[in-house]
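Since the structure comes first, as structure tokens, the remarks are kept for the end.
All heavy atoms count here, side chains included; hydrogens, waters and symmetry mates do not.
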Amino acid sequence: MAAALLANVLYSTGFILEKRALSALPPLSTGHPARVVRLLVGSPLWIGGSVALALGFAAQLAVYRTLPIAAAQGIFVSGLVLLLLLSSLVLGERPTLRERGGVAAILVALLMVVASLRGGSESISRSAPTAVLLAVCLPSLALGLWLYRAAERRSRHRHRLPSNGVPYGVAVGLLYGVSSLAVKGVSGLLPHGLSGPDGVGSAALDLLASPYPYLLLFTGATGLVLSQTALQRCRASLIVPVCTTVTCVFTVASGTFTFDEPLPDDPVRLALRLGGTVLAVSVLLALPRHDEPVPAAVHTAPGPLPLEAAPGPPPAPFVPQAITPPATIPQAAIPRAAIPQAAPQERAES
């Protein structure tokens with residue numbers, strides 16, 4: 001439990017530091033991953049946030065070794081409260097009323113999942129069959145990449161409203177869900193006590209022969225570019241809860257099946273777990289996909305008013321003028337040469 005709470009603090013702090021660092025960097029693009037990595041590595045504040053996330057990852061490994069995957073995810077998502085508090089105090093983010101309601105419903109759903117973990121002794125699985133693991137992870141990775149690319153295409157349209165981060169959060173959440181399954185597998189292959197070089201070598205060979213490190217490498221590299229680009233464009237108070245919820249729901253649902261960890265036998269606990277999952281998915285589907293347009297600002301600052309509203313003397317009242325008809329000139333006063341003469345008629349031939 002202490003390791004899980006420590007992981008929550010480290011993850012929340014790391015996300016806030018990275019968001020502060022990203023706001024000072026030039027716009028990132030997923031089409032130039034090398035440039036993204038170069039800009040990130042050159043930011044000391046971002047490096048500090050990454051160190052906090054790495055320490056949180058180490059604490060997460062310790063949690064997965066002692067708790068079932070569903071229980072571990074239920075504790076991890078409680079760190080959303082700290083993240084929302086920090087995003088408001090440090091970043092000054094103000095979500096809309098609908099978004100606050102959605103985040104509150106997400107917290108209720110995750111508390112239902114946590115409540116379903118109490119009072120039961122659930123078995124802890126150490127590894128998953130490779131075929132089953134890949135059958136779950138590979139389509140999920142493809143779906144996450146497709147969703148992110150679709151959100152990128154929609155954002156390029158000039159007349160579309162800017163995305164608030166929900167599509168990006170769902171896409172990155174699927175990638176991190178696969179990463180959580182890989183972390184679970186790595187933690188199961190690491191022995192509790194290494195008794196010398198032979199134990200270290202055996203554990204390393206077992207790890208390299210499994211798909212877990214390769215899934216971690218792919219999701220780590222891809223998730224770095226995608227998540228940081230999305231975090232720079234969108235608010236942390238919305239994209240991180242969405243990403244965390246998708247990761248939790250995916251990990252609990254697919255991890256329970258993949259690692260063959262049984263569901264609760266108690267009907268109440270089973271209803272809480274399934275109900276919390278359904279509620280979380282419903283909230284994600286109901287959240288707005290775009291930021292509300294900002295109304296035009298009203299000119300209230302002191303200064304010169306617009307030209308049409310500039311003060312000045314009132315216009316003179318309109319006074320109708322009498323129209324004088326043009327004077328007639330006597331015909332006698334007009335020179336004879338100025339009066340056109342009619343052409344004489346031709347004589348008719350006899």
Side-chain angles (χ1 to χ4, degrees), residues 11 15 18-19 22 25 27-41 46 50 53 57 60 69 73 128 130-157 160-186 210-236 238-255 257-258 277 280-281 284-285 287-290:
Y11 274 129
F15 277 124
E18 287 187 348
K19 177 62 177 177
L22 290 170
L25 294 180
L28 305 180
S29 173
T30 55
H32 303 85
R35 177 177 176 272
V36 172
V37 175
R38 179 173 55 84
L39 290 174
L40 295 179
V41 174
W46 187 88
S50 300
L53 292 179
F57 174 78
Q60 188 179 18
I69 192 168
Q73 284 298 314
T130 302
V132 177
L133 180 71
L134 294 180
V136 171
C137 292
L138 295 183
S140 302
L141 291 175
L143 178 60
L145 295 176
W146 179 82
L147 288 175
Y148 198 99
R149 184 172 180 81
E152 289 267 271
R153 286 197 303 267
R154 288 193 297 269
S155 66
R156 294 191 185 102
H157 291 280
R160 286 184 177 269
L161 294 174
S163 174
N164 59 4
V166 173
Y168 293 114
V170 173
V172 177
L174 288 174
L175 266 68
Y176 284 163
V178 174
S179 179
S180 294
L181 295 182
V183 172
K184 170 68 175 177
V186 170
S210 69
Y212 303 125
Y214 311 106
L215 290 175
L216 272 179
L217 288 175
F218 179 80
T219 55
T222 308
L224 172 67
V225 177
L226 299 187
S227 64
Q228 297 305 305
T229 304
L231 188 60
Q232 185 188 50
R233 299 174 182 175
C234 310
R235 284 172 284 131
L238 184 64
I239 188 173
V240 176
V242 171
C243 178
T244 304
T245 303
V246 173
T247 301
C248 174
V249 172
F250 175 84
T251 306
V252 171
S254 61
F257 165 74
T258 304
T277 302
V281 173
L284 290 179
L285 295 176
L287 280 175
R289 298 294 186 269
H290 303 281

Results of side-chain contact (heavy atoms from CB on, under 4.5 Å) for Tyr214 - residues two or more places apart only: Leu208
Least distance between heavy atoms, Ala171 atom then Gly144 atom: CB-O, 3.3 Å
Check against side chain to side chain contact (heavy atoms under 4.5 Å, CB included), Ser179 and Leu215: CA-CA 7 Å; Ser179 179; Leu215 290 175; over 6 Å; no
Residues Val170, Phe250; criterion side chain to side chain contact (heavy atoms under 4.5 Å, CB included); working and verdict: CA-CA 11 Å; Val170 173; Phe250 175 84; over 6 Å; no
Distance-only polar pair, side chains of Ser227 and Tyr176, donor-acceptor under 3.5 Å: yes
Distance-minimising heavy-atom pair for Tyr11 and Leu53: CD2-CD2, 3.3 Å
Contact summary for Leu145 and Leu175, nearest pair of heavy atoms: N-CD1, 4.3 Å
Reported CG-to-OG distance for the pair Leu134 and Ser140, which is rounded to 0.5 angstrom: 11.0 Å
Distance-minimising heavy-atom pair for Thr251 and Thr247: OG1-O, 2.5 Å
Check against side chain to side chain contact (heavy atoms under 4.5 Å, CB included), Val240 and Thr244: CA-CA 6 Å; Val240 176; Thr244 304; 3.9 Å; yes
CD-CZ distance between Gln228 and Arg233, expressed to the nearest 0.5 angstrom: 12.5 Å
Side chain to side chain contact (heavy atoms under 4.5 Å, CB included) assessment of Leu25 paired with Leu22: CA-CA 5 Å; Leu25 294 180; Leu22 290 170; 4.1 Å; yes
Atom pair OG (Ser210) and CG (Leu133), whose distance is rounded to the nearest 0.5 Å: 9.0 Å
ring-ring contact (aromatic ring centres under 6.0 Å, His included) against Phe15, all qualifying residues, sequence neighbours excluded: none
Smallest separation among heavy atoms of Ala151 and Tyr168, with atom names: O-OH, 3.7 Å
Interatomic distance, Leu226 atom CG to Arg149 atom CZ [nearest 0.5 angstrom]: 11.5 Å
Exercise: identify the closest heavy-atom pair between Gly173 and Val246: C-CG1, 3.7 Å
Please tabulate, for side-chain N and O atoms in residues 27-35, each donor-acceptor pair with protein atoms closer than 3.5 Å (sequence neighbours left out).
| unit_1 | atom_1 | unit_2 | atom_2 | d |
| --- | --- | --- | --- | --- |
| Ser29 | OG | Gly31 | N | 3.3 |
| Thr30 | OG1 | Glu152 | OE1 | 2.8 |
| Arg35 | NH1 | Pro27 | O | 3.0 |

Check: Thr219 side chain, Leu216 main-chain N or O, donor-acceptor pair, under 3.5 Å: yes
